[in-house]
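Working notes for the structure below.
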Amino acid sequence: MPVVVRPDPAPPMSVQIATRVFGSELLVALIRHYRANPGLQKEAAAALGVPVQAVSTNTRILVEAGVVVGDPAPRGGRPGRWIVNEDRTLELARELITYTLDNTANLDAPEIGSKETS
């Protein structure tokens, strides 16, 4: 089993969550897919050419982080489709950028969080 190496002191929890959410190509691809095509996990798997189990595991990570939500919200059953919570996604991206650049990032710059760049 691989050993997880963490810095001391650990980054804030929001940064830890952001690095997990944006830390793999598949997670980022799922965010992009669900934003453009809200839908089922099997549809995402087919569109991205990856196994449904990988989509299921990674969608769960995004749901736990609040980046992807079920629409309508689950009520004891499976949601009809998955959609991106853009506010939460931008919040985590900003936290990561601010922490990484040591509070020197211009988060009001139009290219950060602009729908025109997506």
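Values below: every heavy atom of this structure, side chains too, minus hydrogens, waters and symmetry copies.
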Quick one: pull up CZ in Arg32 and CG in Asn37 and give me the separation to the nearest 0.5 Å. 11.0 Å

Least distance between heavy atoms, Pro38 atom then Arg81 atom: CB-NH1, 3.3 Å

Determine whether a donor-acceptor pair (N or O, by modelled atom type, separation under 3.5 Å) exists between the side chain of Thr89 and the backbone of Asn85. yes

Can you tell if the side chain of Leu92 reaches within under 4.5 Å of the side chain of Leu96, non-hydrogen atoms only? no

Can you see which heavy atom on Ser14 is nearest to which on Glu95, and at what distance? OG-OE1, 3.1 Å

Any donor-acceptor pair under 3.5 Å from Glu64 side chain to Ile61 backbone: no

Shortest non-hydrogen separation from Pro11 to Val15 and the atoms involved: CB-CG1, 3.8 Å

Indicate yes or no: at least one non-hydrogen side-chain atom of Ile31 is less than 4.5 angstrom from one of Val21. yes

Look at Arg88 together with Glu91 and state whether they make a salt bridge at an N to O cut-off of under 4.0 Å. yes

Output for pair (Glu25 CD, Leu30 CG), nearest 0.5 Å, gives 12.0 Å

Starting from the C-alpha separation in whole Å, work towards a yes-or-no answer on side chain to side chain contact (heavy atoms under 4.5 Å, CB included) for Val84 and Val69. CA-CA 6 Å; Val84 171; Val69 295; over 6 Å; no

Yes or no on side chain to side chain contact (heavy atoms under 4.5 Å, CB included) for Gln16 and Arg6, after CA distance, side-chain angles and deciding distance? CA-CA 10 Å; Gln16 293 177 39; Arg6 298 191 188 233; 4.0 Å; yes

Taking atom types as modelled and ignoring hydrogens, do the side chains of Thr59 and Tyr34 form a donor-acceptor contact shorter than 3.5 angstrom? yes

Can you tell me how far apart CD (Glu43) and CG (Leu48) are? Round to the nearest 0.5 Å. 11.5 Å

Do Tyr99 and Pro12 come close enough that some side-chain heavy atom pair is under 4.5 Å? yes

